[in-house]
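See below for the structure under consideration.
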Amino acid sequence: MSVQEYLDKHLLSRKIEDAVNAAVRAKTPDPVLFISNHMKKAVPSAITKIKARQILDSRGIPTVEVDLYTNKGMYRASVPSGASTGMYEAVEMRDGEKGKYLGKGVSKAVKIINEKISEALIGMDPVLQSQIDQAMMGLDKTENKAELGANAMLAVSIAACKAGAAEKEVPLYKHIADLSGKSNPILPVPAITVISGGKHAGNNLAVQEIMILPVGASNFEEAMQMGCETYQHLKAIILERNGSNGCNVGNDVGFAPNISSIAEGLDLVKEAIDRAGYNGRIKLAIDVAATDFCMGKKYDLDFKTPNKSGQNFKTGEDMLEMYTQLCKEYPIVSIEQPFDKDDWEHTKLFTNLGICQVVGDDLLMSNPKRIERAMHESTCNALLLKVNQVGTVTEAIEVVKQAKNADWGVIISHRSGETEDSFIADLAVGLATGQIKAGAPCHGERLAKYNQLLRIEEELGAEATYSGENWRQP
Ligand code: 2PG
Ligand code: MG
């Protein structure tokens, strides 16, 4: 091929001329930089390579990380993992090879990405999120992503979403807002875990989490300041009462003093809020995670206390009465998973009392069919969305829309096993959910999300809106 033929084949003369003309028109002081950027924009928007690997999460358990390459650059994503997994959520693929990481390796999922998924996605436009997710779903004939693994699919889906935003040269939250058809981003109220119990901590407390919600802050930055100050005051109070052992932390990095009743925990938190001077501006939330201590149809609040477990079961009615009382005595505005995952009856009775937001975690498992049923039967009035229970960004967006259409509250949630990926921060802002749950303001994997939200608020500047008092329906 002659030089002229080559130039003609690639329309090079015209493309270079266009770039030079644009630089002249812009009167740019650095024409070479301008022209190179201009040319880069003309490069086709396509996935060129996908490389997955096994990394470790915040509990030292393997998880999947993906580097997705386009002509513009490399975009990285990793996926979290929870303490408990249910049968209605998308399947997390683990190797099951007992001699390695106690069976928790993810080399099979990594291989699936590097071979099957990569082959199907190379050449696709990363801007077209739903087509990418559909292509992956097309490779998996099961209903629960058991063939490819939701961990494999989600890592790729998130990396593609980041690449799509970069391709459009917009922030990730803006790209997500576009994908959902929603245009005004909103900074969420953080549900900050301050006390840990349940399966997340080694103390006797049955309830999994006590959280603080700085709904009275004027913006997200102030919300974090209020949350962090309260967290530090709480640490000092626990140190005084329970000694330094009490300051040990659980998976979500809430303190895990050796208390055994919710009221004891709530008293500590209430005092910390008082000391920090935020009385009235910080509300409380509980994640009971009651599935973990439901035995048959009864609840064992002593399930972690030696010599007491199995001796004092509570009925659903007893639990209902306890929640009603707690909501009277403390500024509790939200209770997550107050009953067993299959206790639709008591969850509904509690929701109908209209005392507080009632959040379905295990009850819903972020599963559209269970959400549909809960809507139909008015079982709860808020969704806890764990992206890895769904498996793709497109489906996560759909599930959030489904909940919002029913006027439910929506909380975008981290998992107890997390990575430094901050995707859920952008997801919460882009989908304007009004609430995010990302653990304590401590440890890198939790702060990755909160710090990203601080950056987003700064970037939005005067346009930034904090959901604040409108946290349930921003
Ligand atoms: C929850 C989550 C996060 P896990 O129950 O809401 O705290 O825990 O990831 O262990 O399911
Ligand atoms: Mg929960």
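Start at 1 and go down the list; that is how both ligands and their atoms are numbered.
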Step-by-step side chain to side chain contact (heavy atoms under 4.5 Å, CB included) determination, Val106 to Met93: CA-CA 7 Å; Val106 291; Met93 188 178 283; over 6 Å; no
Would you say [X] and ligand 1 have an N/O pair spaced under 3.5 Å apart?
X      : result
Lys386 : yes
Ala83  : yes
Lys437 : yes
Asp287 : yes

I'd like to check which ligand 1 atoms, numbered from 1 as shown, lie under 4.0 Å from a non-hydrogen atom of [X].
X      : result
Gly82  : 4 (P), 9 (O), 10 (O)
Asp252 : 3 (C), 7 (O)
Asp361 : 1 (C), 5 (O), 6 (O)
His414 : 3 (C), 7 (O)

Tell me which protein heavy atom sits closest to [atom], plus the residue, atom name and distance to 0.1 Å.
atom                    : result
atom 8 (O) of ligand 1  : His200 CE1, 3.2 Å
atom 5 (O) of ligand 1  : Gln208 NE2, 2.9 Å
atom 10 (O) of ligand 1 : Ser416 OG, 2.5 Å
atom 11 (O) of ligand 1 : Arg415 NH2, 2.7 Å

Should the pair [X]-[Y] be classified as a salt bridge under the 4.0 Å nitrogen-to-oxygen rule?
X      : Y      : result
Glu336 : Lys437 : yes
Glu240 : Arg275 : yes
Arg455 : Glu457 : no
Arg76  : Glu65  : yes

Would Glu418 and Lys449 count as a salt bridge (charged side-chain N to carboxylate O under 4.0 Å, His left out) if you check the C-alpha gap in whole Å, the side-chain angles of each, and the deciding distance to 0.1 Å? CA-CA 10 Å; Glu418 263 297 338; Lys449 286 73 171 167; 2.7 Å; yes
Mind running side chain to side chain contact (heavy atoms under 4.5 Å, CB included) on Ile412 and Val400 for me, showing each step along the way? CA-CA 9 Å; Ile412 299 290; Val400 168; 4.3 Å; yes
I would like to know whether Glu377 and Arg373 meet salt bridge (charged side-chain N to carboxylate O under 4.0 Å, His left out); could you show each step before the answer? CA-CA 6 Å; Glu377 298 177 11; Arg373 174 175 170 194; 3.0 Å; yes
Applying the ring pair (Phe, Tyr, Trp, His ring centres under 6.0 Å) test to Phe293, which of Phe313, Phe339, Phe303 qualifies? Phe303
Of all the N, O or S atoms in Glu336, which one sits nearest to the Mg ion (ligand 2)?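 Output for this pair reads OE2.
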With a cut-off of 2.8 Å, does Asp287 put an N/O/S atom close enough to the Mg ion (ligand 2)? yes
Using a distance threshold of 2.8 Å, state whether an N, O or S atom of Asp361 lies below it from the Mg ion (ligand 2). yes
Judged by non-hydrogen atoms, does Gln337 sit under 4.0 Å from ligand 1?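 It does not, in that no heavy atom of Gln337 comes within the 4.0 Å cut-off of ligand 1.
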Side chain, backbone, both or neither: which part of Leu384 has a heavy atom under 4.0 Å from ligand 1?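 It is the side chain that gets close, since no backbone atom is under 4.0 Å.
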List the steps, then state whether side chain to side chain contact (heavy atoms under 4.5 Å, CB included) holds for Val393 with Ile158. CA-CA 6 Å; Val393 173; Ile158 293 177; 4.1 Å; yes
Pair Tyr323 and Phe350, ring centroids less than 6.0 Å apart: yes
